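Since the structure comes first, as structure tokens, the remarks are kept for the end.
Throughout, a chain's letter reflects where its sequence line sits, starting with A, and its residues are numbered from 1. Please read these numbers as outputs of a predicted model, since none were measured by experiment. Atom set for the values below is all heavy atoms of this structure, side chains included, hydrogens, waters and symmetry mates excluded.
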Protein chains: 2
Amino acid sequence: MGQSVVDFPVAVVLPAGGCGERTGLGTPKQFCSLLRRPLISYTIDTFHRVSWIETIVVVVAKESLDLMLHIAQKFHHTKVIVVEGGSTRHRSIFKGLQAFCARAGAPPLPRPEVVIIHDAVRPFVEEELLLQLTLAAREQGASGATRPLVSTVIAATSEGYLDHSLERAKYRASEMPQGFLYDIIYQAYQRCSEFDFEFGTECLHLALRYSGTNARLLNGPPTLWKVTYKRDLAAAESIIKDTLSMSACIISGALGETAELASRLQENLAAHSMTVDVFPCVKGKNELLMKTRNFIQISETAASLCETREMVKIFEEASHALLYPVVIVWVHLSMSEEPCPTEKGAELTTIMDISTTFRKTNILLYGIQVIHSKVPELWERSVERLSQITAALVRDRNPALTGQLLQA
Amino acid sequence: MGQSVVDFPVAVVLPAGGCGERTGLGTPKQFCSLLRRPLISYTIDTFHRVSWIETIVVVVAKESLDLMLHIAQKFHHTKVIVVEGGSTRHRSIFKGLQAFCARAGAPPLPRPEVVIIHDAVRPFVEEELLLQLTLAAREQGASGATRPLVSTVIAATSEGYLDHSLERAKYRASEMPQGFLYDIIYQAYQRCSEFDFEFGTECLHLALRYSGTNARLLNGPPTLWKVTYKRDLAAAESIIKDTLSMSACIISGALGETAELASRLQENLAAHSMTVDVFPCVKGKNELLMKTRNFIQISETAASLCETREMVKIFEEASHALLYPVVIVWVHLSMSEEPCPTEKGAELTTIMDISTTFRKTNILLYGIQVIHSKVPELWERSVERLSQITAALVRDRNPALTGQLLQA
Ligand SMILES: [Mg+2]
Ligand SMILES: [Mg+2]
């Protein structure tokens, strides 16, 4: 999408120098981890995925340079250039823009026609909005995403009393991302005052004041919100987890009993808003494997753990779990009502061992034993419990519980 | 707190008629469940706990009357009066205020001097702020909580271009709660226009316009934010879970080995920001039990599950888990390196059985087995894993995993 329409160079400047005092977490919030990956890596990835974006300039404080370079390398963010920022947000953005003119010890980057400026702490941006903003910026010189006001805005007297409230319909909240013709925003920063560099908040305002450009305003979705407080990190994690747990793949084997259980599980997980496909076997289906983040493997013997290992080998070779953890729920359907406890002990040891290895590459393995009771009520209860536990494990992606053999 | 200062009648009006379209969840957001309790019950409880607040009038849509009465009864919200709302937020608030004049089929409630108006979907309000608002309302006639603006506010031209941006420092976001002298806000509603009833957003504005009262503005904390989107429910749940998992009580028995493990666990959980107290036994310490929401019971035999049952009986009698789930992590320290698998199977059956019963009264029981290896590295690994699993179980409070016997 966008590739044929955007036939001119586009780059991103991502100021990430904030110190995150409002989260109360010590770590600047752009470096806080969600599912063991820093928030800023999610933000970078939303731009990285867009084919017509060529360069992403991330501007960080001097003390975060090494960390940021490490993150870019670890998560294969190959379009990223890291530059050192200034003492305020506007100074950092200007430094990011200057990377396209000259860089210390490196040739200047090819100058883009349009530059998108964003916040490191707004990790959810859709390509469609970026496309609209980019095209609007090219046409108008500047563009910005806005949202309706959430609260009424009021003016206070200097003594702390209500003076008047603004008519809500006439105003909007200005959000990020914003798009600019490179020359327009560069000129604005060249001309703006020390006061603007120190206290200014709005790039759109600078473009208006110093380049005479009235930005085109577009309606952004609610997901553009800014991760500000600790609770926002939980909200962001929940959005990521919701997205990751929308679908799963059951590998059921060819046998009657496991296939039957697979079909029951598929039905029950639909009630947890999970779309589940069932396959007797996934050997050779590498394309399917690479599209899937949740696997439920049902079998009657522990021997199937060999297939688990083979699958994981494929994931590891393809770095499938580099950006998001992959979950494998291994389900042992025991046809005997009194399964051998020693055997169960051996299984647990195996699962715990291999799960420790898998975790190193972000693959989370959990085991569940189900006993196929001949008493219908007991069997129903087990199927219900299996569904509940599976849904919870897939949704929560909790590393502390890997390697366990749970009982359904 | 506040009891001696607030020697005049104070009531709350809580409009809860919203349909929650923005969460995309079907259920109006005030009725969405967090830890199996509707959001509105959390909001009600923040007022219920305040000794000097006498009555909480909850205003709901006609179709939610039964649900709301059921919630008030189930969670013992004895100060709550439920009344039917109008077609807009302002009509609902006015109906709430009118409950103090006349009620269909019931005598009017005693008229308060100050009335606090709040949103059902802002569940975190501290007594200190309520006190300040109440006193300011009594003195000034009206008072409101405000917050700094999160985004720059801009005015758009009718064609969708930037006209100008507001100077952020001069404006504030108006939040809830707000406080009013009853007569001031009642008069404002009596005098206001149909347009205000239909499209107005601000009670403070009505008090200014129709009663000539400039509200006193107070700075509110960030926790006053409004649960608007689905992600906000996750954020709210995370705040509740953080608060619930701040502390725990270890019951370790008098024996050397379990006491030693207790002390290791206490130390490790501190790294998870959990303050843990250790007691050899909690028999007779009912006051301690009622202050605690997380219990870690360590023992060398399954016989200790009898003590668990006794403890739970006390919780049930006192409705200790009525508002928040209570977690019990039962840890079996096995001194044999090769524990009897049949015994483990029997333990699992017992734990699963009793956990099913406990869950009915919101008490979540999880089991963990730890083998006391004589190999120091293995023992260290087990203690580490025990700490990780315990912290995860206490933090997540996941009902799907109750009754399991995990392996540390
Ligand atoms: Mg800006
Ligand atoms: Mg209002």
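Of all non-hydrogen atoms in B:Ala400 and A:Ile389, the two that sit nearest each other are O-CG1, 3.6 Å. B:Ala173 and A:Ser151 get closest at one heavy-atom pair: CB-CB, 3.9 Å. Here the shortest heavy-atom pairing between B:Tyr161 and A:Asn214 reads CD2-O, 3.7 Å. What you find for A:Leu208 and B:Asp163 is that their closest heavy atoms are CD2-O, 3.6 Å. Taking both residues in full, the closest heavy atoms of A:Gly160 and B:Arg216 are given as O-NH1, 3.1 Å, listed atom of the first, atom of the second, then distance.
For B:Thr223, the part sitting under 4.5 Å from any heavy atom of chain A is the backbone (N, CA, C, O) and nothing else. If you measure heavy-atom distances from B:Ile154 to chain A, the contacts under 4.5 Å come from both the backbone and the side chain. Contacts between A:Gln404 and chain B at a heavy-atom distance below 4.5 Å involve the side chain alone, from C-beta outward. Neither the backbone nor the side chain of A:Arg209 comes within contact range of chain B; no heavy atoms are under 4.5 Å apart. Heavy atoms of A:Asp396 lying under 4.5 Å from chain B belong exclusively to its side chain. Heavy-atom distances place no part of A:Glu237 under 4.5 Å from chain B, backbone and side chain included. Heavy atoms closer than 4.5 Å to chain B are found nowhere in A:Thr157, neither backbone nor side chain. Only the side chain of B:Gln140 has a heavy atom closer than 4.5 Å to any heavy atom of chain A. At a 4.5 Å heavy-atom cutoff, the contact between B:Gln407 and chain A is made by backbone and side-chain atoms alike.
Contact annotation: the side chain of A:Leu406 approaches that of B:Leu406 to within less than 4.5 Å [non-hydrogen atoms, C-beta and beyond]. The side-chain heavy atoms of A:Val150 and B:Val150, taken from C-beta on, include no pair separated by under 4.5 Å. The side-chain heavy atoms of A:Arg231 and B:Ser238, taken from C-beta on, include no pair separated by under 4.5 Å. Between A:Asn398 and B:Asn398 the shortest side-chain heavy-atom distance does not fall below 4.5 Å. Here the side chains of B:Lys344 and A:Leu348 are in contact, with some heavy-atom distance below 4.5 Å.
In this structure, B:Asp232 CG and A:Trp225 CH2 are separated by 8.5 Å, a value rounded to the nearest 0.5 Å. With values rounded to the nearest 0.5 angstrom, A:Ile239 atom CD1 is found 11.0 Å from B:Tyr229 atom OH.
For the set A:Ala156, A:Pro222, A:Ala142, the entry with the most heavy-atom pairs within less than 4.5 Å of chain B is A:Pro222. Residue with the most contacts toward chain B among A:Ala234, A:Ala215, A:Ala155: A:Ala215 (heavy-atom pairs, distance under 4.5 Å).
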- Message: Go through it in stages, so that I can follow the logic: the residues are B:Thr152 and A:His205, the test is side chain to side chain contact (heavy atoms under 4.5 Å, CB included), and I'd like the CA-CA distance, side-chain angles, deciding distance and then a yes or no.
- Response: CA-CA 10 Å; B:Thr152 302; A:His205 173 75; over 6 Å; no
